[in-house]
Amino acid sequence: MKNDPLILGIDTSCDETAAAVVQGMRVLSNVISSQVELHRKYGGVVPSVARREHELRIDPVISEALRNASKVLKTRVDFNDLDAIAVTYGPGLAIALEIGIAKAKELALQHDKPLIGVNHMEGHLYSPLALNSKGKGPIEMENVEFPVLSFLLSGGHTELVLLKSHDDKRIIGQTVDDAIGEAFDKVARMLGLGYPGGKVLSDMALKGDPEAFKLPVPMAKDPTLNMSFSGLKTAVYYQVKEIEKQRQLTAQEVVDMSASFERAAINELQIKLKKAIKLYNPKMIMVGGGVSSSARVRAGLRKIARDFSLPIYFPSLKNIYTDNGAMIAIAANFKFHKKEFSDQTLDRQPNLDLAI
Ligand code: KG4
Ligand code: ZN
């Protein structure tokens with residue numbers, strides 16, 4: 001463990017300024033400065049505001065990540081102690097990504113350290129492998145058995161990925177319209193739950209009746225592994241509008257609609273996960289991304305895994321589901337061992353794909 005590389009991971013892909021220090025798969029620190037309050041009044045992320053905030057926050061966030069890592073290791077960790085500097089170069093908001101990349105390049109040059117460009121979705125993909133500061137976690141790297149089926153449930157992406165090895169990743173199914181997190185956020189807004197409402201909606205759903213409203217499971221009969229969440233969102237819209245012709249939704253209707261929507265979305269995930277397992281016969285399942293912080297989403301997927309007697313792993317640490325620097329540094333480990341380093345020409349790729 002002592003010989004594992006010490007990596008600083010930076011992520012500025014959206015509205016969180018994030019930096020972390022990991023040692024191998026062990027997370028020593030994970031600092032996230034969220035801008036959510038600033039963007040709330042606009043009802044969404046404003047890229048120019050995000051960029052300015054990243055600029056202001058990046059240095060203090062990195063310093064705190066080093067300081068927190070020092071506390072865990074009980075010895076001062078500074079830039080010279082690092083083995084590499086990793087940064088998200090896509091996908092994400094172009095002008096936000098640029099800030100993290102510029103900082104990582106500057107630090108790599110100044111301290112003569114290898115630079116590692118990381119795909120943000122690869123970060124989410126590997127987040128279940130993150131270990132706590134004592135080296136404990138749901139699964140150790142050596143115990144990963146291929147093929148692995150990864151299910152990524154984010155605000156910008158919804159993907160089923162098949163890994164035959166760490167070097168062979170293929171997207172076998174994805175959303176054809178909205179990402180699941182985006183649909184959660186849009187439905188939350190329709191229900192007056194604010195921005196970003198995914199978490200609030202999922203908390204509301206706890207108190208609601210998932211059978212109260214009949215909603216479609218959009219791609220249930222579709223033979224592919226692709227998914228869709230836009231039709232489901234629109235179905236909620238029309239039912240809400242119908243009620244609002246007469247009156248405001250009652251508090252009970254809000255929680256019931258939250259529960260009904262969440263149930264339909266989970267059904268869609270379950271159907272596609274089941275289909276993917278039958279088609280590809282994986283040895284294990286890994287899940288990542290913001291939406292998997294919903295306990296019911298996890299329970300729904302766990303049920304399918306159990307039906308097939310397959311192990312399923314979720315991120316186990318706080319602050320590792322949604323955007324963070326630790327998952328970027330974790331993913332960078334694989335590149336570090338292969339010496340897949342980037343140079344000073346590393347550039348943002350806002351639409352970077354996961355497929356290799
Ligand atoms: O993976 P993520 O942090 O960012 C992207 O890479 O997109 O996912 C963010 C998404 C947002 O849409 C947010 O509303 C949703 O994850 N989310 C949740 C929960 N927490 C965050 N959705 C459902 N339940 C939650 N508890
Ligand atoms: Zn993300």
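Every number for a ligand or one of its atoms is a count from 1 in the order of the listing.
If you look at Asp323 next to ligand 1, the close heavy atoms, those under 4.0 Å, come from the backbone and the side chain alike. Neither the backbone nor the side chain of Met121 comes within 4.0 Å of ligand 1, counting heavy atoms alone. The residue His157 has no part lying near ligand 1, judged by heavy-atom distances below 4.0 Å.
Any N or O atom pair closer than 3.5 Å counts here, and Gly155 shares at least one such pair with ligand 1. Considering backbone and side-chain atoms alike, Leu153 places every N or O at 3.5 Å or more from each N or O of ligand 1. At under 3.5 Å, not a single nitrogen or oxygen of Phe184, backbone or side chain, sits near a nitrogen or oxygen of ligand 1.
Residue Ser33 forms a side chain to side chain donor-acceptor pair (under 3.5 Å) with just one option from His54, Glu64, Arg57, and that option is Arg57.
Less than 4.0 angstrom separates some heavy atom of Gly156 from each of these atoms of ligand 1: 7 (O). Of all atoms in ligand 1, numbered sequentially from 1 with element shown, those under 4.0 Å from a heavy atom of Gly181 are 12 (O). Those atoms of ligand 1 with a heavy atom of Ser202 less than 4.0 angstrom away are 23 (C), 24 (N), 26 (N). Proximity to Gly289 (heavy-atom distance under 4.0 Å) selects the following atoms of ligand 1: 1 (O).
Using a 4.0 Å cut-off between charged side-chain N and carboxylate O, Arg52 and Glu55 make no salt bridge. Taking a cutoff of 4.0 Å between a charged side-chain nitrogen and a carboxylate oxygen, Glu244 and Arg247 do not qualify as a salt bridge. Note on Arg76 versus Asp81: no salt bridge recorded, every NZ/NE/NH1/NH2 to OD/OE distance being 4.0 Å or above. For Asp83 and Lys113, the salt-bridge test fails: no basic side-chain N is under 4.0 Å from an acidic carboxylate O. Using a cutoff of 4.0 Å between basic side-chain nitrogens and carboxylate oxygens, Asp185 and Arg189 are not scored as salt-bridged.
Among all non-hydrogen protein atoms, the one lying nearest atom 25 (C) of ligand 1 is Lys199 CA, 3.6 Å. Atom 17 (N) of ligand 1 has its closest protein heavy atom at Gly290 O, 3.6 Å. Of all protein heavy atoms, the one lying nearest to atom 20 (N) of ligand 1 is Ser293 OG, 3.2 Å. Considering only non-hydrogen protein atoms, atom 11 (C) of ligand 1 sits nearest to Asp185 OD2, 3.5 Å.
Look at Pro196 and you'll find every heavy atom at least 4.0 Å from all atoms of ligand 1. Heavy-atom distances between Glu262 and ligand 1 stay at or above 4.0 Å for every pair.
Across every non-hydrogen atom of Ile139 and Pro128, the tightest pair is CG2-O, 4.2 Å. Scanning both residues, Leu232 and Ala264, for their nearest heavy atoms gives CD1-CB, 3.6 Å. When all heavy atoms are compared, the tightest approach of Ala86 to Ile7 is CB-CG2, 3.9 Å.
When Met327, His120, Glu16 are ranked by how near their heavy atoms come to atom 6 (O) of ligand 1, first place goes to His120. Around atom 23 (C) of ligand 1, the closest heavy atom drawn from Ser13, Gly198, Ala265 belongs to Gly198.
With respect to the Zn ion (ligand 2), Asp323 has OD1 as its nearest N, O or S atom.
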>> Assess the residue pair Leu115 and Leu346 against the criterion (side-chain contact (heavy atoms from CB on, under 4.5 Å)); give the C-alpha distance rounded to whole Å, side-chain angles, the decisive distance to 0.1 Å, and a yes or no.
In response: CA-CA 9 Å; Leu115 176 69; Leu346 180 69; 4.1 Å; yes

>> Assess the residue pair His166 and Tyr126 against the criterion (side chain to side chain donor-acceptor pair (under 3.5 Å)); give the C-alpha distance rounded to whole Å, side-chain angles, the decisive distance to 0.1 Å, and a yes or no.
In response: CA-CA 10 Å; His166 291 300; Tyr126 282 120; 2.7 Å; yes

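Angle subtended at the Zn ion (ligand 2) by His120 NE2 and His124 NE2: 100°, rounded to 10 degrees.
Between Tyr89 and His120, the ring center distance fails the sub-6.0 Å criterion.
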